[in-house]
Colleague: 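To start, I am sharing the structure in question, which I have written as structure tokens.
Please read these numbers as outputs of a predicted model, since none were measured by experiment. The sequence lines fix the lettering, A, B, ..., with proteins before strands; numbering per chain opens at 1.
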Number of protein chains: 2
Amino acid sequence: MNRRNTKQRETILGVLHTAEGPLGIPEIHARAKANLESLGLATVYRAVKRLRDEQEILEVDLPGEEAHFEVRRAHHHHHFRCQKCQKVFELDFCPLHLPSGTLLPNGYRVLEHHLTLYGLCQNCDSRAA
Amino acid sequence: MNRRNTKQRETILGVLHTAEGPLGIPEIHARAKANLESLGLATVYRAVKRLRDEQEILEVDLPGEEAHFEVRRAHHHHHFRCQKCQKVFELDFCPLHLPSGTLLPNGYRVLEHHLTLYGLCQNCDSRAA
DNA sequence: GGCTAATTGAGAATTGATTATCATTAAGCC
DNA sequence: GGCTTAATGATAATCAATTCTCAATTAGCC
């Protein structure tokens, strides 16, 4: 089963590479359509599934939301969601200091964590001020 | 539209009060059935919706999972999910120190945060050791 | 206890997200 | 440029979660 590079796939990957953070399927579709008007939704699902199988992109789950996807990063990181424009941004640092293996006082052994910050992005914050 | 207290509703609320953390609908149903064999799934959906409207319980969203519900708490808290038994526990403290309004160096104003810790609960950790 | 209407249980219906189908298009290879 | 077949686009089909329907039950009130 040879795999082919199509402009659909390239466009979708391009959208994810230039995104400010992880995107949901409809958002990927909308952004990719700007370059490729005829792009179908099913193709987005197929491309995302393949890119995920190939480890080019990762699925990111945010509380209470549809699956988002982002290109694979080297480091542990978290996300920030703007409560006004609803965009999700990638943060390059982790404000939590909990090394893997930490034993909490109540007996829970922490191996991983998942953090999402909420608030206003720079753009929305300056308009609100 | 007068509201009535039924044993179904009481049982469901009781399950949530004695839970170790937020529960999903099927789990609420399963636990409540232990006391009320005939309980239907639709009734769980209805009761949960009403309890939520009345602010008796809160919806808790964990990344990539169905909605969970817990009785309303006075204080900010987070959750711990055991990667072995899959149970979700309530944590009574917050390991993150980010006061509401904090401005991150990259321009994001943080108002809230959502944290989930993953690892092994005391029970599963001791068995694994 | 008896009345009235809210609530229930069971299953059908609906919904939104994702996947499958299939005729058509086009990537990769000669 | 042709050939082969993977990929596409449009839509139908599927799937799981949730809601609706309706006859039967029962809580609250007298």
Colleague: Over all heavy atoms of both residues, which pair between B/D125 and A/R109 is shortest? Give the atoms and the distance, please.
Modeller: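 Nearest heavy atoms, B/D125 then A/R109: OD2-NE, 3.0 Å.
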Colleague: Assign each of A/I25 and B/G40 to its nearest nucleotide of DNA chain C by heavy atoms, then name whichever residue's nucleotide is nearer the 5' end.
Modeller: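 Counting from the 5' end, the first nearest nucleotide belongs to B/G40.
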Colleague: Donor-acceptor pairs are to be reported for all side-chain atoms of residues 62-69 of chain B against protein atoms at under 3.5 Å, with residues two or more places apart or in another chain.
Modeller:
from: B/E65; atom 1: OE1; to: B/R81; atom 2: NH1; distance (Å): 2.4
from: B/E65; atom 1: OE2; to: B/R81; atom 2: NH1; distance (Å): 2.7
from: B/H68; atom 1: ND1; to: B/E66; atom 2: O; distance (Å): 2.9

Colleague: If every non-hydrogen atom of B/C82 is compared with every non-hydrogen atom of B/L120, which pair is closest and at what distance?
Modeller: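 Closest approach of B/C82 to B/L120: SG-CA, 3.9 Å.
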Colleague: May I have the distance from A/R9 (atom CZ) to D/dG9 (atom C1'), rounded to whole angstrom?
Modeller: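 In whole Å, D/dG9 C1' lies 18 Å from A/R9 CZ.
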Colleague: Using the six-membered ring wherever Trp is involved, compare the ring planes of A/F89 and A/F80 and label them parallel, tilted or perpendicular (cut-offs 30° and 60°).
Modeller: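 Correct class here is tilted.
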Colleague: Quick one: A/E65 CD to C/dG16 P, roughly how many Å, whole number?
Modeller: 17 Å
Colleague: Between atom CG in B/N2 and atom P in D/dG28, what is the gap in whole Å?
Modeller: 10 Å
Colleague: Spell out protein contact along nucleotides 19-30 of chain C as letters: B when the base is contacted, S when just the sugar-phosphate is, - when no protein heavy atom is under 4.0 Å; keep the 5' to 3' order.
Modeller: BBB----BBS--
Colleague: Do the charged groups of A/E54 and A/R9 touch, with an N to O distance under 4.0 Å?
Modeller: yes
Colleague: Would you work out how much the helix from C/dG1-D/dC30 to C/dC30-D/dG1 bends between its ends, with each end axis defined by five base pairs, to 10 degrees?
Modeller: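 If I round to tens, the end axes sit 50° apart.
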Colleague: I need the minimum non-hydrogen distance between B/H79 and B/E90, along with the two atoms involved.
Modeller: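 In terms of heavy atoms, the two residues are closest at CD2-CA, 4.0 Å.
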Colleague: May I have the distance from B/H29 (atom NE2) to C/dG11 (atom C1'), rounded to whole angstrom?
Modeller: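 Roughly 13 Å, once rounded to whole Å.
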Colleague: Mind listing the closest non-hydrogen atom pair of A/V44 and A/I12 along with its distance?
Modeller: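 In terms of heavy atoms, the two residues are closest at CA-CD1, 3.9 Å.
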Colleague: How many Å lie between CD on A/E37 and P on D/dT8, as a whole number?
Modeller: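 That distance rounds to 17 Å.
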Colleague: Just so I know, are the side chains of B/Q8 and B/R46 near enough to count as touching, which here means a heavy-atom distance under 4.5 Å?
Modeller: no
Colleague: Using atom CD of B/E54 as one end and atom C1' of C/dA6 as the other, report the distance to the nearest whole Å.
Modeller: 14 Å
Colleague: Expressed as a whole number of angstroms, how long is the span from B/I28:CD1 to D/dT18:P?
Modeller: 11 Å
Colleague: D/dG9 P sits how many Å from A/K33 NZ, rounded?
Modeller: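 Atom-to-atom, A/K33 to D/dG9, this comes out as 10 Å.
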Colleague: If we only count heavy atoms from C-beta on, is the B/E112 to B/H76 side-chain gap below 4.5 Å?
Modeller: no
